[in-house]
Amino acid sequence: MNHDALIVGAGFAGAVAARRLAEEGGRRVLVLERRSHVGGNAYDCLDAAGVLIHQYGPHIFHTNDRRVFDYLSRFTKWRRYQHEVIADLPKDGPGEAGGRLTFPVPFNLDSLRAAFGEEEGERLGKKLLAAYPAQSQVTILELRQDPDPEIAAIAGYVYEHVFVHYTMKQWGQTPEEIDPATTARVPVRLSRDARYFQDAYQGMPLEGYTPMFESMLDHPGITVELGTDALDRLTLADGGIELDGRPFAGPTIYTGQADELFGYRFGPLPYRTLDFRFETMPRDFFQTHGTVNYTVDEDFTRITEFKRLTGQEKPGVTTIMKEYSKAHTGAEGEIPYYAIINERNSALYARYAAQAARYPGLHLLGRLAEYRYYNMDAIVARALALTDSLL
Ligand code: FAD
Ligand code: UDP
C-alpha cells in the first residue's frame, strides 16, 4: 500500500495523530514502532502471575481538558480512580528504634498533624491558612521564602522530609538545582484533600491502556509495523524526507528522540532513566495505597502496587514495582524517561529543533521529540492541535 502520512512511534502522540489523519483526513497512515508493542511508555500487560502491570512505570490518567478526555473516551471506558500517595519515612530520632511515619503527599493539613502532633499541627495549619488566605496550595520553593519563622520551620520540615532526599534520588540534584516546575507538580496543599491530582477527569482505562491503543489504531487507513526502527527506513536527505529510499511528500510525525534523529550531531540530550524492579507475592495486597513514596531513606523512590490502581480482582497474588532512578548513558536497552530541563539542555534541544524545521513536512511531537516533561493528557492535547493544523 502507498502511504501518505508517516508516524514514528505508537505512544500517545503517535496513536492519536495516526487515528486523526486516517479517520478525519482520509490519509493512509504508516506507523513505525521500534518496540514489539503499541502504547509507548503507557503500555500495560499481564505479568506471569496474571497481574495487570504497567511495564514502564505507573500511569494514572488525569486531565482538566474536556476535549482530551472526550477524544480518548471514544476508545475506552474508564474505571473511576483517584490516586492517593503517602510518604513513608523514618520517625525522627536515633536509628531504626523510632519506627516509621506516614502521611499524605502532597503534604497537606493532615500531614502537618501527623508530623507535628495533633495540637501543634492544628495550630500550625491555622497559621498557614491565615498566611495564604487566597490560595489552595503553595509550592515548596515559595514556602521556603516565607519570612515568618514558624512558617519557615514548616517549610524546612517539608523540604527535608518530603523533597530534598526524594529529589536527590530522582534527579541527582537538589530542588533548587532542577527546573522549579518539577517540584511545583507536587505542591503543599492548604486543605485536607489527599488526592495526588485534583483534575476534573481522572481514572484508569477500564480494560487497561493497551486495549485503548489497539482500539485507537484499529482503522482501515492505519498500518502499524512493530519491531521496526524508523531510522532504518527514514532518511533526512538534502532534498527532503525519504522513506525506503524514495522521496516522501506526506506529513512525517516523529515522536522519538530529537538528538537520535540527527545522529547526535550536536551531542546527546541529557535524560534520566529508571530501573523498574517488579516483585510478585502470594498475598492479596502489599501496601495501603497505590503508590508509597520513600521520601527520606531507601535507594528507590517509590513502590507502586498495580492492583490498587487498576482495581483488578485477583485474590492471593499481587505485584509491586520499585523505581530506581539514574543518569541515562545511552547504553543498549536503556530508555530515556525524563528530559532534564535547564537552560543549557533547552538550548541544545533548540539546535536539534532548528534542524527539524528545515524539513517542512517533518513535525516533532511528544515527550521525547519535544524534550518536555509532558503528562499523557498534555501529549494528547498537542497531538490534537498538530493534527488540527494538518487536517
Ligand atoms: P512515548 O510513550 O515515549 O512513545 C514514543 C514511542 O516512540 C515509543 O514507543 C518508542 O519506542 C517509539 N520510538 C522512538 N524512536 C523510534 C524509532 N526510531 N523508530 C520507531 N519507534 C520509535 N503521565 C501521566 O499523565 N500520568 C502518569 O501517571 C504518568 N506516569 C509516568 C510514569 C513514568 C515512570 C514516566 C516515565 C512517565 C509517566 N507519565 C505519566 C508520562 C507519560 O508516559 C507520557 O506523557 C507519554 O507516554 C508520552 O507519550 P509519547 O507518545 O510522547 O511518548
Ligand atoms: N517530589 C518529591 N517528593 C515526593 C514527590 C515528588 O521530592 O514525595 C518531587 C521530585 O523532585 C519529583 C517531582 O516532585 O521528581 C515531581 O513528582 P511527580 O510525582 O509528579 O513525578 P513523576 O510521577 O512524574 O515521576
Side-chain angles (χ1 to χ4, degrees), residues 7-17 31-43 54-63 68 83 85-89 104-107 139-140 158-159 161-171 173-175 178-187 196-197 199 202 204 209 213 225-234 253-258 260-261 271-274 276 290-296 301-302 304 309 321 323 325 335-339 364-370 372-380 382-383:
I7 294 184
V8 177
F12 269 102
V16 169
V31 180
L32 302 179
E33 170 55 58
R34 191 186 260 165
R35 298 181 191 174
S36 59
H37 58 73
V38 298
N41 288 339
Y43 170 73
H54 296 180
Q55 187 79 52
Y56 306 98
H59 280 71
I60 298 104
F61 183 79
H62 56 101
T63 191
V68 165
H83 194 47
V85 174
I86 55 165
D88 185 310
L89 58 156
V105 175
F107 196 90
T139 71
I140 183 60
V158 177
Y159 183 81
H161 295 85
V162 179
F163 284 97
V164 71
H165 303 287
Y166 188 101
T167 298
M168 283 303 297
K169 285 193 268 183
Q170 176 72 8
W171 298 97
Q173 289 181 294
T174 65
I178 64 172
D179 180 12
T182 300
T183 48
R185 291 166 60 91
V186 183
Y196 207 62
F197 310 111
D199 304 52
Q202 305 190 34
M204 304 294 288
Y209 286 94
F213 280 96
E225 291 186 26
L226 297 176
T228 303
D229 191 330
L231 299 181
D232 295 338
R233 308 269 298 270
L234 184 71
I253 298 178
Y254 176 84
T255 76
Q257 287 168 252
E260 190 181 17
L261 179 61
Y271 283 99
R272 297 291 287 180
T273 187
L274 298 169
F276 298 120
T291 298
V292 177
N293 287 1
Y294 287 77
T295 52
V296 173
T301 50
R302 55 187 179 188
T304 294
L309 311 186
M321 188 190 72
E323 291 175 54
S325 174
I335 296 177
Y337 287 112
Y338 293 91
L364 300 184
L365 177 74
R367 183 153 149 141
L368 289 171
E370 297 179 63
R372 296 281 298 273
Y373 195 154
Y374 282 134
N375 287 329
M376 296 182 277
D377 64 323
I379 290 297
V380 174
R382 296 274 309 134

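Each ligand, and each atom within it, is numbered from 1 in the order the structure gives. Here the structure is a predicted model, which is why all the values come from computation and not from measurement. The first residue of the sequence shown is numbered 1, and numbering continues consecutively from there.
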Sub-4.0 Å atoms of ligand 1 with respect to non-hydrogen atoms of Gly256: 14 (C), 15 (N)
Heavy-atom side-chain contact between Gln257 and Tyr271 under 4.5 Å: yes
Atoms of ligand 1, numbered as shown, that sit under 4.0 Å from any heavy atom of Phe12: 49 (O), 51 (O)
Option nearest atom 2 (O) of ligand 1 (shortest heavy-atom distance, choices Leu274, Asn41, Thr255, Leu234): Asn41
Part of Thr228 with heavy atoms under 4.0 Å of ligand 1, whether side chain, backbone, both or neither: backbone
Protein contact to atom 48 (C) of ligand 1 [nearest heavy atom, distance to 0.1 Å]: Ile379 CG1, 3.8 Å
Which atom of Val105 lies closest to which atom of Ala87, heavy atoms considered: CG2-CB, 3.5 Å
Residue selection (non-hydrogen contact nearest atom 40 (C) of ligand 1) among His59, Glu225, Arg233, Gln257: His59
N/O separation below 3.5 Å, Ala13 to ligand 1: yes
Nearest atoms (heavy-atom pairs only) where Val186 meets Phe163: O-CZ, 3.1 Å
Close N or O approach (Tyr337, ligand 1; < 3.5 Å): no
Minimum-distance pair of heavy atoms, taken over all atoms of Thr301 and Gln170: CG2-OE1, 3.7 Å
Numbered atoms and elements of ligand 1 in range of Tyr374, under 4.0 angstrom, heavy atoms: 41 (C), 44 (C), 45 (O)
Distance filter under 4.0 Å to Gly366 heavy atoms, resulting ligand 1 atoms: 52 (O)
Under-4.0 Å heavy-atom contact between protein and atom 53 (O) of ligand 1: no
4.5 Å side-chain heavy-atom contact, Arg372 and Arg382: no
Derivation and outcome, side chain to side chain contact (heavy atoms under 4.5 Å, CB included), residues Thr183 and Trp171: CA-CA 11 Å; Thr183 48; Trp171 298 97; over 6 Å; no
With Arg367 via side-chain hydrogen bond (donor to acceptor under 3.5 Å, both in side chains) - residues at least two apart: none
Enumerated ligand 1 atoms positioned under 4.0 Å from heavy atoms of Tyr338: 33 (C), 34 (C)
Those residues that, when tested against Gln55, pass side-chain hydrogen bond (donor to acceptor under 3.5 Å, both in side chains) (two or more places apart): none
Salt bridge (charged side-chain N to carboxylate O under 4.0 Å, His left out) involving Arg272 - partner list, sequence neighbours excluded: none
Which of the ligand 1 atoms, numbered from 1, are nearer than 4.0 Å to a heavy atom of Glu33: 6 (C), 7 (O), 8 (C), 9 (O), 10 (C), 11 (O), 12 (C), 20 (C), 21 (N)
Mode of Asn375 contact toward ligand 1 - side chain, backbone, both, neither (heavy atoms, under 4.0 Å): both
Parallel, tilted or perpendicular: rings of Tyr56 and Tyr337 (30°, 60°): tilted
Identity of the nearest option to atom 20 (C) of ligand 1, non-hydrogen atoms only, from His54, Arg372, Arg34: Arg34
Met376-ligand 1 polar pair, N/O distance under 3.5 Å: yes
Thr139 to Ala184 - nearest heavy-atom pair and separation: CG2-CB, 3.8 Å
Contact check, side chains of Thr255 and Leu368, non-hydrogen atoms, under 4.5 Å: no
Test item, Tyr56 contacting ligand 1 (heavy atom, 4.0 angstrom): yes
Min side-chain heavy-atom separation Leu309-Pro58 under 4.5 Å: yes
Nearest non-hydrogen protein atom, atom 37 (C) of ligand 1: Arg367 NH2, 3.5 Å
Closest candidate by heavy atom, reference atom 19 (N) of ligand 1, pool Ala15, Gly227, Ala230: Ala230
Minimum heavy-atom distance between Ala10 and Glu33, given as atom pair plus value: N-OE1, 2.8 Å
Proximity winner for atom 18 (N) of ligand 1, if only heavy atoms of Ile7, Ile60, Asp229, Val31 are counted: Asp229
Option of least heavy-atom distance to atom 30 (N) of ligand 1 (set: Pro58, Gly57, Ala17): Pro58
Residue, atom name and distance, where the atom is the protein heavy atom closest to atom 13 (N) of ligand 1: Gly9 CA, 4.2 Å
Mode of Ala378 contact toward ligand 1 - side chain, backbone, both, neither (heavy atoms, under 4.0 Å): neither
Dump all N/O pairs between ligand 2 and the protein below 3.5 Å as a table: atom names plus distance, one pair per row.
from: ligand 2; atom 1: 3 (N); to: Val162; atom 2: O; distance (Å): 2.9
from: ligand 2; atom 1: 7 (O); to: Val162; atom 2: O; distance (Å): 3.4
from: ligand 2; atom 1: 7 (O); to: Phe163; atom 2: O; distance (Å): 3.3
from: ligand 2; atom 1: 7 (O); to: Thr167; atom 2: OG1; distance (Å): 3.0
from: ligand 2; atom 1: 8 (O); to: Asn293; atom 2: ND2; distance (Å): 2.9
from: ligand 2; atom 1: 11 (O); to: Thr167; atom 2: OG1; distance (Å): 2.9
from: ligand 2; atom 1: 15 (O); to: Trp171; atom 2: NE1; distance (Å): 2.8
from: ligand 2; atom 1: 19 (O); to: Tyr196; atom 2: OH; distance (Å): 2.5
from: ligand 2; atom 1: 20 (O); to: Arg185; atom 2: NE; distance (Å): 2.8
from: ligand 2; atom 1: 20 (O); to: Arg185; atom 2: NH2; distance (Å): 3.3
from: ligand 2; atom 1: 21 (O); to: Tyr373; atom 2: OH; distance (Å): 3.2
from: ligand 2; atom 1: 23 (O); to: Arg302; atom 2: NH1; distance (Å): 3.0
from: ligand 2; atom 1: 24 (O); to: Arg185; atom 2: NH2; distance (Å): 3.1
from: ligand 2; atom 1: 24 (O); to: Tyr373; atom 2: OH; distance (Å): 2.6
from: ligand 2; atom 1: 25 (O); to: Arg302; atom 2: NH2; distance (Å): 3.4
from: ligand 2; atom 1: 25 (O); to: Tyr338; atom 2: OH; distance (Å): 2.6

Centroid separation His54 to Phe276 less than 6.0 Å: no
Centroid-centroid under 6.0 Å between Phe213 and His59 rings: no
Residue pair Thr273 / Ile335: nearest heavy atoms and the distance that separates them: OG1-O, 2.6 Å
